[in-house]
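Everything quoted here is computed from the prediction, not taken from an experiment.
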Amino acid sequence: GSGTYTGMYFGYINDLISKTAVYPLQARRMGWEGQVLLSFTILQDGSVTDVVVVKSSGFKVLDDSARAAVKKLPRLPPPPETVKLSIPVTYRLQT
């Protein structure tokens, strides 16, 4: 079922999003940090659809960047059935 899929691939997908997400320059300059909670659906062909910001970081520029990262993902491993995932994307400045 989808639980097994999520268990197997959650870390991998989470990593991919972290690597793909761009920390917007404006946000870095302003010192904006935050966490965006996204939900999206992975279809049986491994494509991603319905990317929604469930919980905003408080900064539109960070929310938009996180959404864009998910939309840019390569095809994911195809799940046995449509899977809905929620993944947090954290923007934190290196100190």
* Listed partners of Lys60 passing salt bridge (Lys or Arg N to Asp or Glu O under 4.0 Å), at least two apart -> Asp64

* To do: Name the orientation class of the two ring planes belonging to Trp32 and Phe59 (parallel below 30°, tilted from 30 to 60°, perpendicular beyond 60°).
  => parallel

* Can Leu93 be reached from Val22 by stepping across I, L, V, M, F, W or Y side chains whose heavy atoms are under 4.5 Å apart? -> no

* Atom of Ala21, atom of Val89 and distance for their closest heavy-atom approach -> CB-CG1, 4.2 Å

* Asked: In terms of hydrophobic clusters joined by side-chain contacts under 4.5 Å, are Val83 and Tyr9 together?
  -> yes

* Asked: In Å, rounded to the nearest 0.5 Å, how long is the span from CD1 of Ile87 to CG of Leu37?
  -> 9.5 Å

* Take Leu85 and Tyr5 through the side-chain contact (heavy atoms from CB on, under 4.5 Å) test and state the conclusion after the steps. => CA-CA 11 Å; Leu85 276 189; Tyr5 177 89; 5.5 Å; no

* Answer with yes or no whether the hydrophobic clustering places Phe10 together with Ile42; edges join I, L, V, M, F, W, Y residues whose side-chain heavy atoms lie under 4.5 Å apart. => yes

* Distance (rounded to the nearest 0.5 Å) between Leu38 CG and Ser56 OG -> 10.0 Å

* **Single hit among Leu16, Asp15, Ile17 for side chain to side chain contact (heavy atoms under 4.5 Å, CB included) with Lys19** => Asp15

* Structure fact -> Between the CD atom in Gln94 and the CZ atom in Arg28, the distance rounded to the nearest 0.5 Å is 8.0 Å

* side-chain contact (heavy atoms from CB on, under 4.5 Å) assessment of Ile13 paired with Thr6 -> CA-CA 9 Å; Ile13 295 168; Thr6 305; over 6 Å; no

* Taking the side chain as every heavy atom from C-beta outward, state whether Thr41 and Val48 have any pair of such atoms under 4.5 Å apart. => no

* OG1/Thr49 to NZ/Lys71 distance, rounded to the nearest 0.5 angstrom? -> 9.0 Å

* Got Val53 and Arg67 here, is their nearest side-chain heavy-atom distance under 4.5 Å? -> yes

* What heavy-atom pair brings Pro79 and Gln44 nearest, and what distance separates the two atoms? -> O-CG, 3.7 Å

* Non-hydrogen atoms of Tyr12 and Pro77 that approach each other most closely -> CE2-CD, 3.8 Å

* Following the transitive rule for hydrophobic clusters with a side-chain heavy-atom cut-off under 4.5 Å over Ile, Leu, Val, Met, Phe, Trp and Tyr, establish whether Val36 and Leu25 coincide in one cluster. => no

* Should Tyr23 and Ser65 count as side-chain neighbours, where that means a heavy-atom distance under 4.5 Å? -> no

* Asked: Between atom CD of Gln35 and atom CG of Leu62, what is the distance when rounded to the nearest 0.5 Å?
  -> 11.5 Å

* Asked: Is the shortest heavy-atom distance from the side chain of Phe40 to the side chain of Val52 under 4.5 Å?
  -> no

* Working to the nearest 0.5 Å, report the span between CZ of Arg75 and CG of Leu43. => 8.5 Å

* Report yes if some heavy atom in the side chain of Asp63 is under 4.5 Å from a heavy atom in the side chain of Ser57; otherwise report no. => yes

